2 protein chains.
Amino acid sequence: MRYVDAAGMSLDDYPRPSVAVDTAVLTVEHRELCVLLVQAPEAEPSTGWRLPGTFLHPGETLADAVARSLRDKAGVEGLRPEQLHVFDDPGRDDRGWVLSVAHLDVVRADRVPVRTGQRLVPVAGVPDLPFDHGAIIGFAVGAIRDRYGGAPDPFGLVDTAEPDGSFTLRELRLVHEAVAGHRLQPDSFRRMMRGLLEDTGRMGVGRRGKPAELYRRRGE
Amino acid sequence: MRYVDAAGMSLDDYPRPSVAVDTAVLTVEHRELCVLLVQAPEAEPSTGWRLPGTFLHPGETLADAVARSLRDKAGVEGLRPEQLHVFDDPGRDDRGWVLSVAHLDVVRADRVPVRTGQRLVPVAGVPDLPFDHGAIIGFAVGAIRDRYGGAPDPFGLVDTAEPDGSFTLRELRLVHEAVAGHRLQPDSFRRMMRGLLEDTGRMGVGRRGKPAELYRRRGE
DNA sequence: ATAATTTAGCGCACTAACGCGCTAAAACGC
DNA sequence: GCGTTTTAGCGCGTTAGTGCGCTAAATTAT
């Protein structure tokens, strides 16, 4: 039985906003934190580069919509999108009343297909973007830096050769430096990570000098 | 001219969710962090205690809706609500497709009117609540503790006798202890705050012993 | 076989923060 | 006037973290 309120109205009888999701997809490429931009289709009123986004469909959670958007618009299989902020200015979109729920998603660069109409841009050099997409990137960068400040590679960005996902301290540090946007002192970094990693007992390969030990995250 | 997309549809032709706002109003009463609960009207399908909330109306921002909700449902003039999280399970509400944007608002206890159908409950002893209201309170407590960890009374909770809003170190510390939920060592607290406060040059009154100096936040 | 390179760890000097006991100062109570 | 109470600040011992130079170990290059 369909619900009606004290005024005899159902929820659908009231005006409602469209709800969009926009996602700042962050990755590390060439030791730099980058964001994925896609080109708007010609039919859109505001063309140019922007963050991938879509409208929320019935039966979906926001994360479902983010995943659909990244798959359809950018060929990226998203992982675990996290909410950042809701942009709610009633006049923010010329098409009508639209709320946008900004998200962060983080994927390894090798999972972002190279194709026309999309590119990875260093977050330190983002061009002007429509809507609130510049602000969304700012939120996303703050959120990923916060997460990487307290845990080893929480989003799985380390691109390791090992099938079991283990990595060297140097590989881990290079990713953390890319996210942080500045150099990290190796000794302090090791001490911070010491209690959060466990030694696999195996050694890495492929470089001169003493081979590095392979680690995985504690509790994995 | 009203916008239509490539399929000749306007935004209103597509199904859209109702958007609600729910607010964890936090305050300090009797040196304890408390949350405001209101009683649901009898006509609602789910009666009992809950957080104040409402549906978003056209032309409003989320903060507008929060303010209207707190004024109408609880007689509280809200200050600056902050977004916490969007609860988006399509099946979370029996009435239909409803998203809820959870918020935090912080007010001094003397701004919460005492009236039937509402009460302040210590966050350490919240009863079971409908929907995701328990989770919302959890988010809110985490957010306020984070904010109070790095700045002197960011939400203006100190209930001072001074017309210019200045306060003593002890008054400030008692509020920070209520928010943190544990005791703070006075000397360490003073050292942390030293650079964030400025001395008004005036002294407080009303207690035995050396009167305390009055401070205000630096940059106020 | 030796030199060069890289890694992991540590000793050490230094910096920063904590918590407590103590003192001086400034009020009130008697 | 003196005792009591409260506040602000500090000295000090302790704990924790940082960055660097150094060493030993384990590889590759010559």
Side-chain angles (χ1 to χ4, degrees), chain A residues 31 145-153 158-162 164-218, chain B residues 31 145-153 158-162 164-218:
Chain A
R31 296 187 191 179
R145 282 178 174 162
D146 189 60
R147 296 289 297 277
Y148 270 75
D153 194 27
V158 177
D159 191 0
T160 175
E162 303 301 314
D164 69 340
S166 52
F167 44 79
T168 68
L169 268 172
R170 183 173 179 278
E171 287 170 334
L172 184 64
R173 180 171 48 79
L174 290 177
V175 157
H176 276 249
E177 286 180 348
V179 169
H182 60 74
R183 181 177 181 279
L184 299 171
Q185 209 276 344
D187 222 3
S188 305
F189 183 78
R190 176 187 302 110
R191 287 195 194 113
M192 179 175 69
M193 289 299 160
R194 174 166 59 200
L196 305 169
L197 301 175
E198 65 192 21
D199 201 332
T200 63
R202 293 187 286 105
M203 314 295 273
V205 293
R207 292 174 67 87
R208 290 180 76 181
K210 186 183 178 184
E213 294 177 32
L214 287 168
Y215 297 88
R216 74 179 138 255
R217 281 181 288 264
R218 191 175 290 278
Chain B
R31 295 188 191 178
R145 283 179 172 160
D146 190 61
R147 296 288 297 278
Y148 271 74
D153 195 27
V158 176
D159 190 1
T160 174
E162 304 301 313
D164 69 340
S166 51
F167 45 79
T168 68
L169 267 174
R170 181 173 182 278
E171 288 171 334
L172 184 64
R173 179 169 50 77
L174 291 177
V175 157
H176 277 248
E177 286 181 347
V179 170
H182 60 73
R183 181 176 180 278
L184 300 171
Q185 208 276 343
D187 222 4
S188 305
F189 183 78
R190 175 185 305 110
R191 289 198 193 111
M192 178 176 70
M193 290 298 158
R194 174 165 60 196
L196 305 169
L197 302 174
E198 63 192 23
D199 200 335
T200 63
R202 291 188 287 105
M203 314 294 273
V205 292
R207 291 173 66 87
R208 290 179 71 187
K210 185 182 180 184
E213 294 177 29
L214 286 168
Y215 298 88
R216 74 180 139 253
R217 283 182 286 266
R218 192 176 291 279

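It should be emphasised that the depicted structure is a prediction, and the values quoted were computed from it without experimental measurement. Residue numbers start from 1 in every chain, and the chains themselves are labelled A, B, ... in the order their sequence lines are given, proteins ahead of strands.
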A.B. asks: Please check this pair: side chain of B:Thr200 against backbone of B:Leu214, looking for a donor-acceptor N/O pair closer than 3.5 Å.
C.D. replies: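 Checking the backbone N and O of B:Leu214 against the side chain of B:Thr200, a donor-acceptor pair under 3.5 Å is found.
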
A.B. asks: Nearest-Å distance, CD (B:Glu171) to P (D:dT7)?
C.D. replies: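 Distance check: B:Glu171 CD to D:dT7 P gives 10 Å.
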
A.B. asks: Could you tell me the separation between the CG atom of A:Leu197 and the P atom of C:dA8, rounded to a whole number of Å?
C.D. replies: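 Value for this atom pair: 11 Å.
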
A.B. asks: Return the residues of residues 173-191 of chain B meeting this criterion: a heavy atom under 4.0 Å from some atom of DNA chain C. Order them by number, or give none.
C.D. replies: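 Those residues whose heavy atoms fall under 4.0 Å from DNA chain C, taken from residues 173-191 of chain B in numerical order, are B:Gln185, B:Asp187, B:Ser188, B:Arg191.
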
A.B. asks: Return yes if some donor-acceptor pair links the side-chain N/O of B:Glu177 with the main-chain N/O of B:His182 below 3.5 Å, else return no.
C.D. replies: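 No: the side chain of B:Glu177 does not pair with the backbone of B:His182.
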
A.B. asks: Write down the distance between CG (B:Leu214) and P (D:dT7), rounded to a whole number of angstrom.
C.D. replies: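 Rounding to the nearest Å, CG of B:Leu214 and P of D:dT7 are 12 Å apart.
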
A.B. asks: Identify, between A:Leu169 and A:Gly209, the residue whose nearest nucleotide on DNA chain C lies closer to the 5' end.
C.D. replies: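 Its nucleotide being nearer the 5' end, the pick is A:Gly209.
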
A.B. asks: Measure from CZ on B:Phe167 to P on D:dA8 and round the result to the nearest Å.
C.D. replies: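 Taking atom P of D:dA8 as the reference, CZ of B:Phe167 is at 12 Å.
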
A.B. asks: Hey, which of these two, A:Pro211 or A:Arg194, hits DNA chain C nearer its 5' end, going by closest nucleotide?
C.D. replies: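 In this pair, the answer is A:Pro211.
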
A.B. asks: Choose from C:dG9, D:dG9, C:dG29 the nucleotide whose nearest atom is closest to any side-chain atom of B:Tyr215.
C.D. replies: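 In terms of side-chain proximity for B:Tyr215, the closest of C:dG9, D:dG9, C:dG29 is D:dG9.
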
A.B. asks: Taking CZ from B:Arg208 and C1' from C:dG29, how many angstroms apart are they, rounded to a whole number?
C.D. replies: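 That distance rounds to 6 Å.
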
A.B. asks: From CZ of B:Arg202 over to C1' of D:dT7, roughly how many Å is that when rounded to an integer?
C.D. replies: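 It is 17 Å, rounded to the nearest whole Å.
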
A.B. asks: When you get a sec, tell me which of D:dA8, C:dG29, C:dT7 is the closest nucleotide to the side chain of B:Ala212?
C.D. replies: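 Nucleotide nearest to B:Ala212's side chain: D:dA8.
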
A.B. asks: Determine yes or no for a side-chain-to-main-chain donor-acceptor pair under 3.5 angstrom, with A:Glu162 supplying the side chain and A:Gly165 the backbone.
C.D. replies: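 No; zero donor-acceptor contacts below 3.5 Å.
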
A.B. asks: Just jot down the side chain to side chain donor-acceptor pair (under 3.5 Å) partners of A:Arg190, sequence neighbours excluded, or say none.
C.D. replies: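 Testing A:Arg190 for side chain to side chain donor-acceptor pair (under 3.5 Å), a comparison that skips the adjacent residues, returns A:Asp187.
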
A.B. asks: Could you state the atom-to-atom distance from CZ of B:Arg170 to C1' of C:dA26 in whole Å?
C.D. replies: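 Going from B:Arg170 (CZ) to C:dA26 (C1'), I get 17 Å.
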
A.B. asks: Distance check needed: D:dT18 C1' versus A:Met192 CE, whole Å only.
C.D. replies: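 Distance check: A:Met192 CE to D:dT18 C1' gives 13 Å.
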
A.B. asks: For the backbone of A:Leu196 and the side chain of A:Arg218, can you confirm whether one donor and one acceptor N or O come within less than 3.5 Å of each other?
C.D. replies: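 The answer is no, because no donor-acceptor pair under 3.5 Å joins these two groups.
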
A.B. asks: Where the side chain of B:Lys210 is concerned, which of D:dT28, D:dA26, D:dA8 is the nearest nucleotide?
C.D. replies: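 So the nucleotide nearest the side chain must be D:dA8.
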
A.B. asks: If we check salt bridge (Lys or Arg N to Asp or Glu O under 4.0 Å) with A:Asp153, which of these qualifies: A:Arg216, A:Arg147, A:Arg217, A:Arg173?
C.D. replies: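 Of A:Arg216, A:Arg147, A:Arg217, A:Arg173, salt bridge (Lys or Arg N to Asp or Glu O under 4.0 Å) with A:Asp153 is met by A:Arg217 alone.
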
A.B. asks: Taking side chain as C-beta onward, heavy atoms only, is A:Phe167 less than 4.5 Å from A:Asp159?
C.D. replies: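 When only atoms from C-beta onward are counted, A:Asp159 and A:Phe167 do not touch, as no gap falls below 4.5 Å.
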
